[in-house]
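Inspection log for the structure reproduced underneath, given as structure tokens.
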Amino acid sequence: MAYWLMKSEPTAFSIDDLERLTVSGWDGVRNYQARNMLRDQMQVGDLAFFYHSNSKPAGIVGVMRVVKAGYPDDTALDASNPHYDPSSTPDNPRWYQVDVAFVQKFPRLLSLAMLKQHVLLQEMQVLRKGNRLSITPVAADEWLFIQELVKTEVF
DNA sequence: GCCAACGTTGGC
DNA sequence: GCCAACGTTGGC
């Protein structure tokens with residue numbers, strides 16, 4: 001089982017939206033590195049932090065679980081969808097998605113600035129300068145450390 | 001709103 | 001295959 005961090009702009013899709021829906025497709029990803037993780041690596045049972053990007057402040061807001069492994073993202077085939085990509089076809093889908101289920105919303109957001117203060121999280125991909133990847137792997141020790149932070153509520 | 005960082009496109 | 005130009009992301 002693996003751990004991930006997945007970004008979404010809360011104005012587009014937030015942790016509250018996921019809580020309300022219980023389960024949702026994680027579609028609209030249009031980056032090849034992220035696509036490869038969706039298609040090849042993410043498995044049912046994997047856990048992921050839900051990260052609110054482009055928000056004030058940006059940070060981790062909860063946890064979700066992968067409930068369906070990678071399959072073609074049909075929003076790429078829909079000309080009326082903002083994520084439409086004419087170069088993707090049913091026979092040769094270019095983009096992939098997974099389905100995720102709501103697990104937990106944290107009592108408070110763990111801000112990017114707060115996370116950066118912890119030595120143990122220095123190597124986290126999402127904290128690196130210039131990082132733009134919307135899906136990144138999270139190491140087991142990073143995952144556990146952040147879960148402890150949530151429990152202590154000293155953030 | 002600014003802009004640094006990064007990914008993609010396309011001419012050559 | 002190179003790389004300049006362009007578009008997007010996302011923190012601040």
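Side chains included, hydrogens not; waters and symmetry mates left out as well; all remaining heavy atoms used. Just so it is clear, the model here is predicted, and its values are computed rather than measured. Just so we're on the same page: letters track the sequence lines, and every chain starts at 1.
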(request) Mind checking ring pair (Phe, Tyr, Trp, His ring centres under 6.0 Å) for W143(A) and listing every partner two or more places apart, or none if nothing turns up? (result) Y3(A), F49(A)
(message) Closest-nucleotide mapping onto DNA chain B: is N54(A) or G130(A) further toward the 5' terminus? I mean the 5' end.
(response) N54(A)
(request) State whether R30(A) and D73(A) are salt-bridged, where the test is any N-O pair (Lys NZ or Arg NE/NH1/NH2 against Asp/Glu carboxylate O) under 4.0 Å. (result) yes
(message) By the ring-ring contact (aromatic ring centres under 6.0 Å, His included) test, which pairs, at least two apart or in different chains, include something from residues 63-82 of chain A?
(response) none
(message) Per the ring-ring contact (aromatic ring centres under 6.0 Å, His included) rule, what does the pair list look like for residues 78-98 of chain A, sequence neighbours excluded?
(response) Y32(A)-W95(A)
(message) What residues from residues 120-127 of chain A pass a heavy-atom cutoff of under 4.0 Å to DNA chain B?
(response) none
(request) State which residues pass salt bridge (Lys or Arg N to Asp or Glu O under 4.0 Å) with D16(A); sequence neighbours excluded, sorted by chain then number. (result) K105(A)
(message) Under the rule for salt bridge (Lys or Arg N to Asp or Glu O under 4.0 Å), what residues qualify as partners of D141(A), not counting sequence neighbours?
(response) none
(request) For V98(A), enumerate each residue passing the side-chain contact (heavy atoms from CB on, under 4.5 Å) test, keeping only those at least two apart in sequence or located in another chain. (result) M6(A), W26(A), L38(A), M42(A), V66(A), V100(A)
(message) Tell me every residue that passes side-chain contact (heavy atoms from CB on, under 4.5 Å) with S87(A), counting only those two or more places apart in sequence or in another chain.
(response) D85(A), R94(A)
(request) Please find the earliest and latest nucleotides of DNA chain C, in the 5' to 3' direction, that have an atom within less than 4.0 Å of any heavy atom of chain A. (result) dG7(C) to dC12(C)
(message) Over all strands shown, is Q33(A) touching base, sugar-phosphate only, or nothing at heavy-atom distances under 4.0 angstrom?
(response) sugar-phosphate
(message) By the 4.0 Å heavy-atom rule, please label K56(A) as base, sugar-phosphate, or nothing.
(response) nothing
